[in-house]
Amino acid sequence: RDGSVIFTDSGPLGETTLDQPNGSVYIISRDENGQMLKPLLHKCLAHPCGVAVAPNGDIFVAEMLKNRILRLAKSNNNCSVYHCSVYHQFTGRFGPSALAINETTSQLYIA
């Protein structure tokens, strides 16, 4: 909506593990000075691989090696600060690899 681009970086091939998570989530946002690349979560995730943005601005991230979905919610008083929490922890070995959100119903779809 605001022209921002959000993407994941799973870290160097073969170096991101459960014991040594090196994955990140970044946002390229626009302001009066142009575009700026900012880390939302930096070198702390175990193979992030899917991102979806809800109509209210919450960002959902699939962290595949930890088999969970994270939610990044904007702080009420600062639009550039996000708070991260575990939205859902799955059972089993490896987790989701893709996410999508229905903008009409705000339902989160997980693959």
Side-chain angles (χ1 to χ4, degrees):
R1 285 166 213 214
D2 64 0
S4 295
V5 176
I6 301 166
F7 63 96
T8 64
D9 175 5
S10 60
L13 185 62
E15 293 182 22
T16 296
T17 65
L18 282 172
D19 296 328
Q20 203 172 31
N22 289 318
S24 304
V25 178
Y26 296 97
I27 185 168
I28 300 173
S29 58
R30 296 177 188 212
D31 61 15
E32 62 276 353
N33 298 320
Q35 294 182 341
M36 177 175 278
L37 173 66
K38 296 183 277 188
L40 296 177
L41 297 166
H42 187 64
K43 293 188 176 183
C44 61
L45 300 177
H47 200 79
C49 56
V51 176
V53 181
N56 69 353
D58 287 356
I59 301 168
F60 293 90
V61 178
E63 189 176 15
M64 190 162 69
L65 290 184
K66 289 203 175 175
N67 201 12
R68 65 186 183 178
I69 304 293
L70 303 175
R71 182 179 69 136
L72 288 81
K74 282 188 176 184
S75 173
N76 290 335
N77 58 0
N78 187 336
C79 64
S80 64
V81 174
Y82 288 84
H83 297 280
C84 182
S85 62
V86 175
Y87 181 72
H88 187 79
Q89 178 69 56
F90 296 96
T91 59
R93 298 191 75 183
F94 294 107
S97 60
L99 303 173
I101 291 186
N102 180 323
E103 289 195 19
T104 304
T105 64
S106 296
Q107 287 181 300
L108 178 64
Y109 297 94
I110 303 163

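- Within the 4.5 Å cutoff, no side-chain heavy atoms of Pro39 are placed close to those of Ser24.
- When all heavy atoms of Leu45 and Val25 are compared, the pair lying nearest together is CD1-CG2, 3.6 Å.
- Under the side chain to side chain contact (heavy atoms under 4.5 Å, CB included) criterion, Cys44 pairs with Leu41, sequence neighbours left out.
- Applying the side chain to side chain donor-acceptor pair (under 3.5 Å) criterion to His88, with sequence neighbours excluded, gives no partner residue.
- In this structure Lys38 satisfies the side chain to side chain contact (heavy atoms under 4.5 Å, CB included) test together with Ile27, Ser29, Met36, Ser80, sequence neighbours excluded.
- Screening residues 49-58 for salt bridge (Lys or Arg N to Asp or Glu O under 4.0 Å), with sequence neighbours left out, gives Asp58-Arg71.
- Between Ile69 atom CD1 and Leu108 atom CG the span is 6.0 Å, to the nearest 0.5 Å.
- Asn22 places no side-chain N or O within 3.5 Å of a backbone atom of Ser10 that could act as its donor or acceptor partner.
- Scanning all heavy atoms of the two residues, the minimum distance from Gly23 to Pro48 falls at CA-CD, 3.7 Å.
- No side-chain heavy atom of Leu40 sits under 4.5 Å from any side-chain heavy atom of Tyr26.
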Show every donor-acceptor pair shorter than 3.5 Å between a side-chain atom in residues 90-102 and any protein atom, with sequence neighbours excluded, or say none if there are none.
{"residue": "Asn102", "atom": "OD1", "partner": "Thr104", "partner atom": "N", "Å": "2.8"}
{"residue": "Asn102", "atom": "OD1", "partner": "Thr105", "partner atom": "N", "Å": "3.2"}

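- Residue pairs meeting the side chain to side chain donor-acceptor pair (under 3.5 Å) criterion with at least one member in residues 60-69, sequence neighbours excluded: Glu63-Arg68.
- Between Tyr82 and Ile59, some side-chain heavy-atom pair lies under the 4.5 Å cut-off.
- The same ILVMFWY cluster, assembled from side-chain heavy atoms under 4.5 Å apart, contains both Leu70 and Ile6.
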* Please test Phe7 against Leu37 for side chain to side chain contact (heavy atoms under 4.5 Å, CB included), starting from the C-alpha separation and ending with a verdict. => CA-CA 11 Å; Phe7 63 96; Leu37 173 66; 3.9 Å; yes
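- Looking at heavy atoms from C-beta onward, His83 lies in side-chain contact with Ser75 at the 4.5 angstrom threshold.
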